[in-house]
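Below is one structure, written out as structure tokens, with a few remarks after it.
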Amino acid sequence: MIMTLVRRPAAALVAALAGALLVAVPGSGPAPARAAEGRYAADVRRTEYGIPHISAKDHGGLGYGHGYAFAQDNLCVMASWALTLRGERSRHFGAEAMSDDAVDPISNLASDVYHKSVQASGVLRRVLARPAPHGPSAALRALVDGYVAGFNRYLSDTGVARLPDPACRGKAWVGPITATDVWMNLLDLGRLGGSSRFKEAVAASGQAEGERPSRQRPPRVTAPGSNAYALGREATRGGHGMLLADPHFPWNGSRRFYQVYLTIPGVLDVAGGSLYGTPMVQIGHNASMAWTHTVSHAQRFTLYQLELAPGQRTAYLVDGRPEPMGRQEVTVTVRDAQGAVKPVTTTLFTSRYGPVLADGWTKETAIALADANAVNLRFADEWLAMSAARDVTALRRAQETYQGMPFVYTLAADVRGESDGEKADVRRACDTLAAWDGRARLDSRGAILWREFFMGLNGPQRRPGGSIVPPTSWWKVPFDAEHPLTTPRGLDIAHPVVQTALADAVRFFTANDVALRLTPGQAQRYGAVPVPGCTEGEGCFDRIRTSGPLGEDGRYPDVNTGSSFMMAVELTPAGPRTRTVLTYSLSANSASPHHADQTELFSRGEWVTERFTEAEIQAYPHLVTTSLR
């Protein structure tokens, strides 16, 4: 059956929930829902297996339809999770019962203390106060607000006593959610690979040794992970991109995926998996691009061992000086076995690095936790931008803008079957390299193009979707220990790494309007002096290195190391015949006439003829002698 959501006047209860009204009515086809006076409107259509297709004219309406549809299917899970995020489980279910965290369940009391401490820290308030991209965009804020209104709309329409799921039907703990609940859910999702793993240790930090409760669950011994393939055109019969997503997430609780289709005509048209309680798609596809994630190997937290100040349990040394720990009073309401409720206050300790943990706290040291994602909500906007990306290049731009993925790699493919979403015409580059003199003189046209290409060959390789892997061999003949002087050799131009490296180099030059025939004299300098030479990786005897990569202006940062004192000696019966050059010159004093004179000589490829014998020294017409007494 196709259901159309249309707006009707709001009742007082719904107004209190800050939601606009939508009701489900039968119809022969989807009729557009109209928005009025800034209220939310959306269409929810369900296809096979109940999969909802949500459409709206703006992000607020899209979130509204999504929240409404999600509540129809999973209201009980979200209602329970909202209690967890608020730190209210002990009030309803008792302190000793286990929380509903499907990834890492702990006692309700420990869970409540942890989540209350996050709320009390003010971190969410600070993040929401920041402008995009460090804080949420206007589109994301509207999406969240609409999601909350839609969820609450379904609850008010249905009533707690008439909920279809017996897990929470008629339960006193079921109620409307708030935007804070959704933001806290996103914040907690970002911390999944960091703080979330230490909830018990954070919650028990104020208790003395011997008072800390023993863990009631076995430790996790299996690291999370997922499977995925992103295939480019070389690996598919049809020459198009393909993607296989296989995320490994819990089958129960708040970390399940909700399958949904989200559409704003001309803005967004994405289908995929949306983690419970989040208003956007995390893994999915649009008409021309698909992406997925696997768990990354990056370290997302750092443990600091604090040296406690002598005789003090709650002060630690920083550069030899005592620094008091911060104190945080957290009060949790607990229901006992007889149904009586009482407040339980716990003191937590913090450091300049993050919360202090109960584990590892001795008379001499304590452990503090720094979470790389402690204030990260950027990934939510990143997912929203990725959903709208039409190719892998646009997806990369989204990732470069927000740089917020908290614990995952990204794999992606687009309709053109690109590994990186772009094609490059390399014909002129090939002509340039063919005409290159193979040197790194000031006027060697193509030497810089070769360097950028070569460095791409030998650097880490980027997989489809952007993940990084170690470099692979691109030689025609690999290294042979029996023939160390003649192997490896030959450039395998058919190797994908070779093709990708050249394409990447060409795209950089083209995008920044840098000439492919760029010379060393144009690209590298020491002060005002153009410098020849190339890197050791390219095989140069005349070696230089700069302090950074080639810039968009076609210039490297100043040369900062490389060939220094160069000397060529021919030993003859009449004495040595020597040529030298001190590449950075004799004096570091910029006012000296010898601050850059040999550098200029080096730049021209010239040498100093050494004066070795007394006769050669005396023959210098401008000899200056300083007598010191």
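- In this structure, OG1 on Thr294 lies 11.0 Å from CG on Asp246, to the nearest 0.5 angstrom.
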Go through it in stages, so that I can follow the logic: the residues are Asp371 and Ser195, the test is side chain to side chain donor-acceptor pair (under 3.5 Å), and I'd like the CA-CA distance, side-chain angles, deciding distance and then a yes or no. CA-CA 6 Å; Asp371 191 335; Ser195 301; 2.5 Å; yes
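- Within 6.0 Å of CZ in Arg390 there are more than 12 heavy atoms belonging to other residues, nucleotides or ligands.
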Should Val608 and Arg579 be marked as a side chain to side chain contact (heavy atoms under 4.5 Å, CB included) after you check the CA-CA gap, both sets of side-chain angles, and the distance that decides it? CA-CA 5 Å; Val608 175; Arg579 303 289 187 271; over 6 Å; no
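- Side-chain contact check for Thr578 and Glu610: at least one donor-acceptor pair (N or O, by modelled atom type) lies under 3.5 Å.
- Checking side-chain atoms of Thr500 against main-chain N and O of Val497 turns up no donor-acceptor pair under 3.5 Å.
- No hydrogens or angles considered: nothing links the side chains of Thr519 and Asp443 as a donor-acceptor pair under 3.5 Å.
- Taking a 6.0 Å sphere around CD of Gln299, one finds it holds more than 12 heavy atoms contributed by other residues, nucleotides or ligands.
- Once rounded to the nearest 0.5 Å, the distance linking OG of Ser274 with CD1 of Ile283 reads 11.0 Å.
- Applying the 6.0 Å contact sphere to CZ of Arg577 captures no more than 12 heavy atoms from other residues, nucleotides or ligands.
- Without hydrogens or angle criteria, Arg300 side chain to Gly194 main chain gives no donor-acceptor distance under 3.5 Å.
- Between the side chains of Thr599 and Ser585, a donor-acceptor pair is found at a separation under 3.5 Å.
- Counting only distance, with no hydrogens or angles, the side chain of Arg525 and the backbone of Ala528 share a donor-acceptor pair below 3.5 Å.
- Taking the centre of each ring, Tyr276 and Phe257 stay at or above the 6.0 Å mark.
- Note on ring orientation: taking the six-membered ring where Trp is involved, the planes of His66 and Tyr147 are perpendicular (angle over 60°, cut-offs 30° and 60°).
- Taken from CG in Leu518 to OG in Ser444, the straight-line distance is 11.5 Å, to the nearest 0.5 Å.
- Residue-environment remark: OH (Tyr229) stays at or below the threshold of 12 foreign heavy atoms within 6.0 Å.
- More than 12 heavy-atom neighbours from other residues, nucleotides or ligands sit within 6.0 angstrom of CZ on Arg141.
- Note: Trp450 and Phe453 have perpendicular aromatic rings, judged against thresholds of 30 and 60 degrees for the angle between ring planes.
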Side chain to side chain contact (heavy atoms under 4.5 Å, CB included), that's the test. Do Thr580 and Met566 meet it? Break it down for me. CA-CA 5 Å; Thr580 65; Met566 302 181 68; over 6 Å; no
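- No side-chain donor-acceptor contact under 3.5 Å links Glu600 and Ser603.
- Using a 3.5 Å distance cut-off with no hydrogens or angles, the side chains of His297 and Tyr409 do pair a donor with an acceptor.
- The side-chain hydrogen bond (donor to acceptor under 3.5 Å, both in side chains) search around Asp425 returns Arg427, not counting sequence neighbours.
- Counting non-hydrogen atoms of other residues, nucleotides and ligands closer than 6.0 Å to CG of Asp553 gives a total above 12.
- Between Asp504 and Arg507, at least one side-chain N (NZ, or NE/NH1/NH2) sits under 4.0 Å from a carboxylate O, which counts as a salt bridge.
- In this model, a donor atom of one side chain and an acceptor atom of the other lie less than 3.5 Å apart for Thr410 and Gln399.
- Put simply, OG1 on Thr278 and CZ on Phe379 are 9.0 Å apart, with the number rounded to the nearest 0.5 Å.
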Verify side chain to side chain contact (heavy atoms under 4.5 Å, CB included) between Met386 and Trp291, making sure each step is shown before the conclusion. CA-CA 8 Å; Met386 288 163 60; Trp291 82 97; 3.2 Å; yes
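- Between Val103 and Pro250, the closest side-chain pair of non-hydrogen atoms falls below 4.5 Å.
- For Leu143 against Leu384, the heavy-atom pair with the smallest separation is CD2-CD1, 4.0 Å.
- With respect to Arg255 and Asp188, a salt bridge is recorded, a charged nitrogen being found less than 4.0 Å from a carboxylate O.
- Separating the CD atom in Glu382 from the OG1 atom in Thr401 is a distance of 8.5 Å, to the nearest 0.5 Å.
- With hydrogens and angles ignored, the 3.5 Å screen pairs no side-chain donor or acceptor of Gln522 with any backbone N or O of Ala515.
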Side chain to side chain contact (heavy atoms under 4.5 Å, CB included) between Phe301 and Arg191: does it pass, once the steps are laid out? CA-CA 9 Å; Phe301 63 87; Arg191 297 178 172 200; over 6 Å; no
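- One finds the OG1 atom of Thr486 at 9.5 Å from the CZ atom of Phe479 (value rounded to the nearest 0.5 Å).
- Thr47 and His53 share a donor-acceptor pair across their side chains, judged by distance under 3.5 Å alone.
- Of all non-hydrogen atoms in Leu491 and Lys476, the two that sit nearest each other are O-CE, 3.5 Å.
- Here the side chains of Ile54 and Val260 are in contact, with some heavy-atom distance below 4.5 Å.
- Side-chain contact between Ser547 and Tyr556 is absent, with no heavy atoms from C-beta onward closer than 4.5 Å.
- With a 4.5 Å cut-off on side-chain heavy atoms, Val514 and Glu552 do not count as touching.
- Checked for salt-bridge contact, Glu538 and Arg451 meet the test: a charged N lies under 4.0 Å from a carboxylate O.
- Annotation for Ile51: atom CD1 counts as buried by contact number, over 12 foreign heavy atoms lying within 6.0 Å.
- Of the N and O atoms on the side chains of Tyr261 and Asp269, at least one donor lies less than 3.5 Å from an acceptor on the other residue.
- In this structure, Thr263 contributes its side chain and Pro265 its backbone to no donor-acceptor pair below 3.5 Å.
- The backbone N or O of Trp475 sits nowhere less than 3.5 Å from a side-chain atom of Asp492 that would complete a donor-acceptor pair.
- The distance between the ring centers of Tyr584 and Phe602 does not fall below 6.0 angstrom.
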